[in-house]
Peer 1: 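Below is one structure. I have some questions about it.
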Amino acid sequence: MTSKAPVNQHPSTQEASPVRVRIAPSPTGDPHVGTAYIGLLNYIYARQRSGQFILRIEDTDRTRFVPTSEQMIFDSLRWVGLTWDEGPDVGGPYGPYRQSERTEIYREHAEMLLANGHAYRSFETAEELEAMRQQQIAAKVPPRYNGAHRHLTQAQIDAYLAEGRPYTVRLKVPENQSTTFTDELRGPITFDHNNVDDQVLLKSDGYPTYHLANVVDDHLMRITDVIRAEEWISSTPKHVLLYAAFGWELPRFWHMPLLRNTDKSKISKRKNPVSLVFYQQSGYLPQAMLNFLGLLGGGMAQPTEQEIVSKGLNTKEGDIFSLAEMLEKFDFRRISLGGPVFDLVKLKWLNGEYLRKLTPEEFFTALRSTILSDSYIRAIAPLVQSRMEILGQFGDMTGFFFADNILPPESVWLPKKRTFEESLAFIAEQLTALEAAAWEAEAIESSLKTLGEAKQWSVKENFMLLRAILTGSTSSPPLVESMIVFGKARTLDRLRRFLDVQKKQANQRK
RNA sequence: GGCGUUAUGGUGUAACUGGUUAACACGUCGCCCUCUCAAGGCGAAGAGUCCGGGUUCGAGCCCCGGUAACGCUACCA
């Protein structure tokens, strides 16, 4: 057996070149707090070193692509106060910054690897691969590509190509070796190649996977430091191997701790609001959000006791700081590696602190630009105009649009002919259906009706249940229109919170 | 299952190169203020640093061995 010494011990990039970092979100839905978190870290890193911060859109997964998502990412990141030096919307010398516009580049690079023997064509179908995976799982062996097409003869390859068979391009991971790279926060990390799969680099639809596109773009865009979430550690050896296969210099890798739900699992929308749009629409202040994100993972030194005394600081001021202060004091070496829980309670407290510091005029402006904006009220008004006799009834009819907590009692929401359990189960299904729906009237209505038919809930029962939970009342402006105005993020959050509360209460009763 | 990462009160973080009763903030509880609720003020409870060994005069910090949580294990990122 060959020795498994770390032969691929690659040196890190030297300090010389100007720092360039990037975030690369995927437009697959609402912009994520995790993107803002990693974005903030990259931003601070770049600004502290007079470097550049680049925004790149990773839209190579056509199956999950959401057209409106990209603009929402721009808007949300700007909302929290981050700006980028290069990106799809601002241009720059290393564009295009949208991966779907770079497919030719990836194809060429895949060809290069094919030519120099670091990659090979794999002609299996997705179904065949899935079947293989299932067998391996059943046989209790680690699911991995078996390398069947690694050693296809040229004649076989030509025959397949002549047939026009679709194929993927896979990385040829050297056998009986290991790869070691340095994580700037954790030190050297080694992976035995037995545990590194022959990753698909180019999909059969001609689009690259993350791994290829990411490495190619990072190199072409002169990225010096890859600052990304911890979930990427496992695939870093693939990236290191790719840099080596191209003969490129390695960037530095910084893997940041993963944001968590209260139960410590990776933060997810089922357990926590993760959409930046949600926080914006719910009336969180961007400074508070940024401050909160800066708090997670350490990085900011707490004031010493001397500082507290000499500057007359209130001790809680140690937790309150602006972006400017982060640029001044944030220290990447201080980052603590345990995944921090995204604690809404502390975020709310922080937001309250910021709110109280506003002057009355600023506070009024904040209200008028968010929860009481002309555009919001203008959207709500037509839903109630025909139902009103005097203007004073506006509040009675629209309160739920301006509320954070709507928790109707059972007497309001529980349908007469349904049990508690079946109703809750149905709400959970409504939630799932709505999560998948495009946020426009027909899509919402039809997905709800389809669900109702499948589960034998009449349209009336179906919509009334939702109405009660969302508005807190059995009479309200038109439901679907109200949901649209209220927004997808907040609507889904209200449903999730309702379910959480009901489940907790049900558990307590037991 | 395999591989990797991580591990300080309920939560986020502190604790200089190992050095007295492990600190700050959020949350919780109590008291004060007050027409209520917040805010504010004062105070309290809550961890002996995942577990077990070792080194040392001395370990949250160093070493060894476990355990658990999390991540990855896709033609998703």
Side-chain angles (χ1 to χ4, degrees), chain A residues 24-29 32 34-35 58-65 99 122-130 133 136-145 166-170 178 183 185-187 189-197 199-214 228-238 255 257-267 292-305 308 313-320 334-350 352-353 355-356:
Chain A
S26 296
T28 54
H32 201 276
T35 303
E58 302 221 351
D59 54 351
T60 57
D61 184 357
R62 299 172 343 191
T63 62
R64 296 203 303 157
F65 179 71
Q99 291 186 329
S122 166
F123 293 89
E124 292 92 344
T125 64
E127 292 71 30
E128 288 168 349
L129 292 171
E130 183 55 29
R133 197 172 301 122
Q136 290 170 327
I137 291 169
K140 304 208 174 189
V141 294
R144 284 196 58 195
Y145 178 60
Y167 62 87
T168 63
V169 175
R170 284 181 185 270
S178 66
D183 179 285
L185 298 176
R186 302 154 217 264
I189 299 177
T190 299
F191 283 83
D192 190 297
H193 287 188
N194 286 334
N195 300 312
V196 182
D197 213 348
Q199 181 64 46
V200 169
L201 302 175
L202 204 63
K203 304 180 228 179
S204 55
D205 65 2
Y207 279 79
T209 58
Y210 169 89
H211 309 280
L212 207 222
N214 188 264
R228 64 195 349 173
E230 186 184 353
E231 55 187 327
W232 294 105
I233 290 178
S234 301
S235 35
T236 303
K238 294 168 184 171
H255 290 99
L258 224 36
L259 264 25
R260 310 291 182 95
N261 298 311
T262 320
D263 65 4
K264 299 278 189 181
S265 56
K266 171 170 137 180
I267 194 167
F292 179 64
L293 292 175
L295 222 37
L296 301 181
M300 285 295 279
Q302 286 192 346
T304 61
E305 285 186 39
I308 292 171
L313 290 178
N314 186 320
T315 45
K316 75 184 176 190
E317 299 293 332
D319 278 351
I320 300 176
R334 288 187 68 92
I335 286 175
S336 61
L337 268 9
V341 170
F342 192 92
D343 181 9
L344 250 353
V345 176
K346 183 131 186 182
L347 207 209
K348 270 195 179 173
W349 165 77
L350 247 186
E353 287 291 317
L355 236 31
R356 275 171 235 119

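Treat the numbers as computed from the prediction; the structure is a model and nothing was measured. A, B, ... follow the sequence lines: proteins, then strands. Residue 1 opens every chain.
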Peer 1: Please give me the minimum heavy-atom distance between A:Y145 and A:S122, naming the atom from each residue.
Peer 2: OH-OG, 3.4 Å

Peer 1: Go through the structure and list residues passing side chain to side chain donor-acceptor pair (under 3.5 Å) with A:R144, not counting sequence neighbours.
Peer 2: none

Peer 1: Suppose you measure atom P in B:G30 against the same atom in B:A38; what distance do you get, rounded to whole Å?
Peer 2: 12 Å

Peer 1: Starting at atom NZ of A:K266, determine the distance to atom P of B:A77, rounded to an integer number of angstrom.
Peer 2: 13 Å

Peer 1: In whole Å, I'd like the distance from the CZ atom of A:F65 to the P atom of B:A77.
Peer 2: 13 Å

Peer 1: Report the distance from atom CG of A:L350 to atom P of B:G27, rounded to the nearest whole Å.
Peer 2: 10 Å

Peer 1: Under 4.0 Å between a side-chain N/O of A:K203 and OP1 or OP2 of B:A74, yes or no?
Peer 2: no

Peer 1: Can you tell me how far P in B:U73 sits from the matching atom in B:G46, rounded to whole Å?
Peer 2: 44 Å

Peer 1: A:D263 has an atom CG; how far is it from atom P of B:A68, in whole Å?
Peer 2: 18 Å

Peer 1: Could you work out, with salt bridge (charged side-chain N to carboxylate O under 4.0 Å, His left out) as the rule, every residue matching A:E353, not counting sequence neighbours?
Peer 2: A:K316, A:R356

Peer 1: Please report the distance separating the C1' of B:A69 from the corresponding atom of B:A77, rounded so that it comes out in whole Å.
Peer 2: 23 Å

Peer 1: With a non-hydrogen cut-off below 4.0 angstrom, is A:E58 in contact with a base, only sugar-phosphate, or nothing?
Peer 2: sugar-phosphate

Peer 1: Decide, for B:G48, between syn and anti: a glycosidic angle within 90° of 0 counts as syn, anything else as anti.
Peer 2: syn

Peer 1: For a quick check of understanding: with a heavy-atom distance under 4.0 Å over all strands, which category does A:E130 fall into, base, sugar-phosphate or nothing?
Peer 2: nothing

Peer 1: I'd like to know if A:T209 reaches the base of B:C75 with its side chain, counting only an N/O donor and acceptor under 3.5 Å.
Peer 2: no

Peer 1: Taking side chain to side chain donor-acceptor pair (under 3.5 Å) as the test, write out the residues that go with A:N261, two or more places apart.
Peer 2: A:S265, A:S268

Peer 1: How far, in whole Å, is B:A45 from B:U8 if one measures between their P atoms?
Peer 2: 23 Å

Peer 1: Which of these nucleotides, B:C26, B:A77, B:C75, is closest to any side-chain atom of A:A126?
Peer 2: B:C75

Peer 1: To the nearest Å, give me how far apart CH2 (A:W232) and P (B:C70) are.
Peer 2: 20 Å

Peer 1: In terms of side-chain heavy atoms of A:T168, which of B:G71, B:C75, B:A77 is nearest?
Peer 2: B:C75

Peer 1: Could you pull out all donor-acceptor pairs under 3.5 Å where a side-chain atom in residues 334-348 of chain A meets a protein atom, sequence neighbours excluded?
Peer 2:
unit_1, atom_1, unit_2, atom_2, d
A:D343, OD1, A:V345, N, 3.1
A:K346, NZ, A:D319, OD2, 2.8
A:K348, NZ, A:D404, OD2, 3.3

Peer 1: Please identify each residue that fulfils salt bridge (charged side-chain N to carboxylate O under 4.0 Å, His left out) with A:E58, with sequence neighbours left out.
Peer 2: A:R56

Peer 1: Between the protein and nucleotides 40-44 of chain B, which nitrogen or oxygen pairs are less than 3.5 angstrom apart?
Peer 2:
unit_1, atom_1, unit_2, atom_2, d
B:G40, OP1, A:K316, NZ, 2.8

Peer 1: List for me each residue that meets ring pair (Phe, Tyr, Trp, His ring centres under 6.0 Å) alongside A:W349, sequence neighbours excluded, and say none if there are none.
Peer 2: none

Peer 1: Determine whether a donor-acceptor pair (N or O, by modelled atom type, separation under 3.5 Å) exists between the side chain of A:D183 and the backbone of A:L185.
Peer 2: yes

Peer 1: Let me know the distance between NZ of A:K238 and P of B:U73, rounded to the nearest Å.
Peer 2: 7 Å

Peer 1: I'd like to check the ring pair (Phe, Tyr, Trp, His ring centres under 6.0 Å) partners of A:H255; sequence neighbours left out, ordered by chain and number.
Peer 2: none

Peer 1: Taking the C1' atom in each of B:U20 and B:C32, what is the distance between them to the nearest angstrom?
Peer 2: 35 Å

Peer 1: What's the gap between B:C50 and B:C3 when it is taken at their P atoms, as a whole Å value?
Peer 2: 24 Å

Peer 1: Between the protein and nucleotides 3-14 of chain B, are there any N/O to N/O pairs under 3.5 Å, and if so, what are the atom names and distances?
Peer 2:
unit_1, atom_1, unit_2, atom_2, d
B:U5, O2', A:R186, NH1, 2.9
B:U5, O2', A:E230, OE2, 2.9
B:U11, O2', A:D343, OD2, 3.4
B:G12, OP1, A:V341, N, 2.9
B:G12, O2', A:L295, O, 3.3
B:U13, OP1, A:G297, N, 2.1
B:A14, OP1, A:R334, O, 3.3
B:A14, O3', A:R334, NH2, 3.3

Peer 1: On a whole-Å scale, what distance lies between the P atoms belonging to B:G54 and B:G58?
Peer 2: 12 Å

Peer 1: Using the P atom as the point on both nucleotides, what is the distance between B:C16 and B:G60, in whole Å?
Peer 2: 12 Å

Peer 1: Which string of ( ) [ ] | and . matches RNA chain B, if you list each base 5' to 3' and count Watson-Crick or G-U pairs only when both distances are under 3.5 Å?
Peer 2: (((((((..((((.....[...)))).(((((.......))))).....(((((..]....))))))))))))....

Peer 1: Shortest non-hydrogen contact from A:G294 to A:M300?
Peer 2: O-CG, 4.4 Å

Peer 1: In whole Å, what is the span from the NE2 atom of A:H211 to the P atom of B:U73?
Peer 2: 7 Å

Peer 1: Nearest of B:G1, B:C72, B:C76 to any side-chain atom of A:P142?
Peer 2: B:G1

Peer 1: Which whole-number value in Å describes the distance from A:I267 CD1 to B:A77 C1'?
Peer 2: 17 Å

Peer 1: The criterion is ring pair (Phe, Tyr, Trp, His ring centres under 6.0 Å); which residues satisfy it with A:Y207, sequence neighbours excluded?
Peer 2: none

Peer 1: Does any non-hydrogen side-chain atom of A:T236 lie less than 4.5 Å from one of A:R228?
Peer 2: yes

Peer 1: Quick check on RNA chain B: between A:L347 and A:R144, whose nearest nucleotide comes earlier from the 5' end?
Peer 2: A:L347

Peer 1: Base, sugar-phosphate or nothing for A:S204? Non-hydrogen atoms, less than 4.0 Å.
Peer 2: base

Peer 1: Strictly below 4.0 Å: does A:R170 bring a side-chain N or O up to OP1 or OP2 of B:C75?
Peer 2: yes

Peer 1: Can you list everything that forms a side chain to side chain donor-acceptor pair (under 3.5 Å) with A:E231? Sequence neighbours excluded, please.
Peer 2: A:K266

Peer 1: At under 4.0 Å between heavy atoms, what does A:S122 touch on the DNA or RNA strands: base, sugar-phosphate, or nothing?
Peer 2: nothing

Peer 1: Taking A:V200's backbone N and O only, do any of them form a donor-acceptor pair with A:T209's side chain (distance below 3.5 Å, no angle check)?
Peer 2: yes

